[in-house]
Amino acid sequence: MFTYNDLQTAWQQIKSKQSAGGIDKQSIKDFAKNETANLQRIERKLKDQTYLPEAYLQIKIDKNKTEKRILGLATINDKIVQTAIKNLIESRLETGFLNSSYAYREGRGARKAVNKVRHYIQTEKNYWLAKCDIDNFFDNINHKRLKKQLKPYISDKYLLELIFAFIKMGYVTGKNRWIERQKGVPQGAVLSPLLANLYLSPLDQRMKDLGITYVRYADDFVILTQTRAQAEKILQSTIKFIENRLKLQLNPGAFVKHTQYGFKFLGVWITDKSVSLSTRKIEKIKTKIRKAFKHQNFPKKYHEATAGINNYYGRLVPQHILYPVDDFIIKLWKDKLRNDKNLTRKKHLKTALKNLHFITDIYNQNKTFHIDQIVNTVFEQKKAKKITLAEQAVKQRRKIYEQKAAAMSHLHIDGYGISLGITKHHVSIKEYGKKTKKFPAYNLKQITIASKATSVSTKLIKYCADHNISVDFVNKHGMAYAKIYHYQSTHNRLWLKQMQYTTGKPAFEIARLLAISKINNQLKIIKYFSKYARQSEQDIAQQLPTSLDTLNQISKKIKQMSFKTGFRQILMGFEGSASAQYWQWFKLMVDEETDFTIRKTQGATDLVNSLLNYGYAILYRQVWNSVIRYGLHPELSFLHTYQKEKGTLIFDLIEPFRQPVVDRAVLSLINRKTKLKADQGQLDDKTKQKLITAVYKNLTRYDKYLGERLQMIDIIHKQTQQLKLYITGQNKKFKPYKTTKW
């Protein structure tokens, strides 16, 4: 009857589901230890017709607030045999099932059942509903009638009796108390859903014969008609058929109603125009998730709960119906993290949130954003101090809103099949035609497109040009190969003025001040990162005085310089000496975690140089955008010698920002032992995303420049503006950015 291969296939199905064991307490793991011998034993007993099913272990779960649902857990052996039987007879029984039946059948399911009901209502105009509920259907199936229905499909007498041995087998409690069963099929048994479908197939056939519009999912079914009179007549005859022919009991409360008032089917609320969830159902879903959070087997139970809700309700109702559930998940995570006293740092909070999982696709797609919000909120609450001064309260609140605005300042697009548009001051993002995200445009300063297959609407292009939002198209190394900006961003008269300033004393003064600012910022970052490292790392402690003294001496020499022909070479020589000392210190800071030996741009293959080059590419784009915004020519420079199509002015203006924006980001990632990866100079996608996040975090930090408290990205623009005003004679002095931090 069953071969070893049949049983092996059934075993693999049970094993993949990690099914629980039954009364004999044998687990999947126990069975697997002697898999071959166990399967051979089952095969032999089936062949000899001596296989004796074990009793079901009775367990009770909540059905509602007042009732319990009784389940029967079969042993692993019995599950294997039942699965083998199901695999054998399912295709036979399927030949007798009708299209109106949607439960427990391949390629069908609840979603198709609901869609069919909606089709009957909206397309075929069946607005009247007749409905009745079977009382404890699985527990009340008549054994004699079921056997009569099953017999035509099974010619092997032993197989038929074995199936009914599984059906009739009693329950045993944990205390070995036997509970006899005279009717019903055990809920939780492998065969029960298939046999339940068979039992109700005469009802399906009756509806078809009478030409009645009808959809059934297990024991939950709806009858739809075009008039109230039809619905009432069919309901009464159906009640009689179920009670007299199928020997089942009905719950009181059978009804007829118009679909405009709505009705519940398969847990969702359906009207003639929509499908949704009731407030009560939403609360029940929230309760289920809350219990999973409190379960001792967290996060497994939480993941099971969210996956189950998504697999069922996520396919039945529009995604937005479940947004309140995802908001509730965020609240539960905040409460959980807030109450964990061991989670005191942001990185600890982020690590805990690796288990965060939402119900809806859009929340999962924006998981990084939600993680940052949760971490920032919880961290702020953990670090909250008593407010003693009004200024303190204002400062704390200002910081929160600055962080929120900063998070919305940059949009990075990567992937395939993506299209961007603009609707009501929101950038709409679609993936393969399906809208996945809306990004507010009111704080947006830059869009970076790193994918090869992204379309951008002309309406969005115009919006970005009109609002000074830069759009960069970048290659795999982060370098822009194209930009979108307003056509009025070129100014020939300004370029002529700028050209006049590229030689002589004005050029020398600009170049000298930029070099001094860069060295100042190198000194600041050395002091900041050495503050803690020198206490535990002797080589850094020894190198620090030399590095600081060398850079200070070079800065002093530059300040004392007078104008002379060839000043660029002299300044670049000083700048090169300072950088050599700076990178020597940098090497000591990362030597334990990386193989960094020397700063290299072209052809770099090591991790640190790859990080720096990619980070500088991001910064380069920001300075480039700033130069375009203020109408300067990117190739008319003061410190760096002119090179055609090299953007040497951008090389000039970027110098004071390399350390506080990119170097700081790279050092922080490495010092935190972040998992980073590069292969032959190419950062992997996860590493790129971590670096992009770190760099943009620094670009949105606040510092003071010319007496104003500004974000770094605005300081870049302000410095470019100051250069323009100096060139046009509106400012008497040009002051490059010097960090006040650290």
Side-chain angles (χ1 to χ4, degrees), residues 501 506-531 544 547-561 567-568 570-572 574-583 585-586 612 615-616 618-620 622-623 626-627 630 632 637-640 649-668 695 697-727 731-742:
Y501 268 61
F508 164 71
E509 188 61 23
I510 294 169
R512 188 176 70 88
L513 292 171
L514 284 168
I516 292 169
S517 294
K518 177 179 180 178
I519 295 172
N520 170 81
N521 294 346
Q522 286 175 332
L523 282 164
K524 289 288 180 68
I525 199 170
I526 289 173
K527 290 176 182 178
Y528 176 77
F529 279 95
S530 298
K531 184 165 50 177
L544 185 60
S547 297
L548 295 177
D549 184 60
T550 301
L551 265 65
N552 277 315
Q553 289 299 321
I554 293 171
S555 181
K556 186 176 180 181
K557 289 178 182 179
I558 295 174
K559 288 175 182 177
Q560 293 171 348
M561 273 184 67
F567 69 85
R568 282 189 173 89
I570 298 170
L571 281 172
M572 292 303 289
F574 282 138
E575 191 272 342
S577 298
S579 291
Q581 192 63 234
Y582 173 76
W583 292 115
W585 165 84
F586 198 99
L612 290 167
Y616 291 149
I618 298 173
L619 182 59
Y620 185 90
Q622 306 302 322
V623 179
S626 185
V627 167
Y630 289 100
L632 296 170
S637 51
F638 310 98
L639 175 59
H640 292 83
L649 176 62
I650 298 165
F651 292 155
D652 286 358
L653 296 177
I654 201 175
E655 295 296 1
F657 299 99
R658 293 181 186 271
Q659 302 77 36
V661 176
V662 179
D663 297 358
R664 175 174 179 164
V666 172
L667 281 171
S668 295
V695 169
K697 183 178 180 181
N698 288 340
L699 280 168
T700 52
R701 287 182 185 275
Y702 282 79
D703 198 0
K704 284 189 176 181
Y705 176 58
L706 300 178
E708 287 187 81
R709 184 176 179 273
L710 302 168
Q711 282 185 330
M712 193 69 70
I713 195 167
D714 292 323
I715 293 175
I716 290 173
H717 293 315
K718 188 80 171 179
Q719 178 182 269
T720 308
Q721 183 191 42
Q722 290 302 304
L723 177 61
K724 175 184 176 179
L725 294 173
Y726 179 61
I727 290 171
N731 274 0
K732 293 183 179 180
K733 292 182 179 180
F734 168 61
K735 292 184 178 180
Y737 163 70
K738 290 183 181 180
T739 181
T740 61
K741 298 280 186 182
W742 315 331

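Side-chain polar atoms of Q581 and S577 form no donor-acceptor pair below 3.5 angstrom.
Heavy atoms only, all atoms of each residue included: L632 and T720 are closest at CD1-CG2, 3.7 Å. Contact detail for T739 and K524: the closest heavy-atom pair is O-NZ, 2.9 Å. Across every non-hydrogen atom of L514 and P656, the tightest pair is CD2-CG, 4.1 Å. The heavy-atom pair separating Y705 from Q719 by the smallest distance is OH-CA, 3.5 Å. Nearest heavy-atom pair, S547 versus I526, reported as atom, atom and distance to 0.1 Å: CB-CD1, 4.4 Å. Nearest heavy-atom pair, S637 versus L649, reported as atom, atom and distance to 0.1 Å: CB-N, 3.5 Å.
Distance check, rounded to the nearest 0.5 Å: NZ of K718 to OG of S626 gives 11.5 Å. Taking CZ of R709 as the start and OG1 of T740 as the end, the distance is 10.0 Å to the nearest 0.5 Å. The structure places OG1 of T550 at 14.0 Å from CH2 of W585, a figure rounded to the nearest 0.5 Å. Rounded to the nearest 0.5 angstrom, L513 CG and L571 CG are separated by 10.0 Å. In this structure, CD1 on I716 lies 5.5 Å from CG on L699, to the nearest 0.5 angstrom. Summarising the geometry, atom CD1 belonging to I510 is positioned 12.0 Å from atom CD belonging to Q722; distances are rounded to the nearest 0.5 Å.
Contact of the I525 side chain with the L667 side chain is registered, since non-hydrogen atoms from C-beta on lie closer than 4.5 Å. Looking only at side-chain heavy atoms (C-beta outward), I715 and F657 come within less than 4.5 Å of each other. Side-chain atoms of E655 and H640, non-hydrogen and from C-beta on, do get closer than 4.5 Å to each other. Inter-residue side-chain proximity for Q522 and I519 is flagged as met; some heavy-atom pair is nearer than 4.5 Å. You'll find the side chain of F734 stays beyond 4.5 Å of the side chain of E509, heavy atoms only. Residues L639 and F651 fail the side-chain proximity criterion, which asks for heavy atoms closer than 4.5 Å. Counting heavy atoms from C-beta outward, W583 and D663 have side chains that approach closer than 4.5 Å.
For the pair D703 (side chain) and M712 (backbone), a donor-acceptor distance under 3.5 Å is absent. S579 places a side-chain N or O within 3.5 Å of a backbone atom of E575 that can act as its donor or acceptor partner. Under the 3.5 Å distance criterion, the side-chain polar atoms of Y737 are left unmatched by any main-chain donor or acceptor of L653. Judged by distance alone, the side chain of S530 and the main-chain N or O of K527 form no donor-acceptor pair under 3.5 Å.
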- F508/M561 under side-chain contact (heavy atoms from CB on, under 4.5 Å): CA gap, chis, key distance, verdict: CA-CA 10 Å; F508 164 71; M561 273 184 67; 3.6 Å; yes
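Remark: F638 engages no residue in a ring-ring contact (aromatic ring centres under 6.0 Å, His included) (not counting sequence neighbours). Remark: H717 engages no residue in a ring-ring contact (aromatic ring centres under 6.0 Å, His included) (not counting sequence neighbours). In this view, F574 satisfies the ring-ring contact (aromatic ring centres under 6.0 Å, His included) rule with no residue, not counting sequence neighbours. In this structure, the side chain to side chain contact (heavy atoms under 4.5 Å, CB included) partners of K738, at least two apart in sequence or on a different chain, are I516, S517, N520, N521. Judged as a ring-ring contact (aromatic ring centres under 6.0 Å, His included), and not counting sequence neighbours, the contacts of Y726 are Y501.
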Would you tabulate the side-chain donor-acceptor contacts of residues 552-559 under 3.5 Å, counting partners in other chains and residues two or more places apart, or write 'none'?
from: N552; atom 1: ND2; to: L548; atom 2: O; distance (Å): 3.0

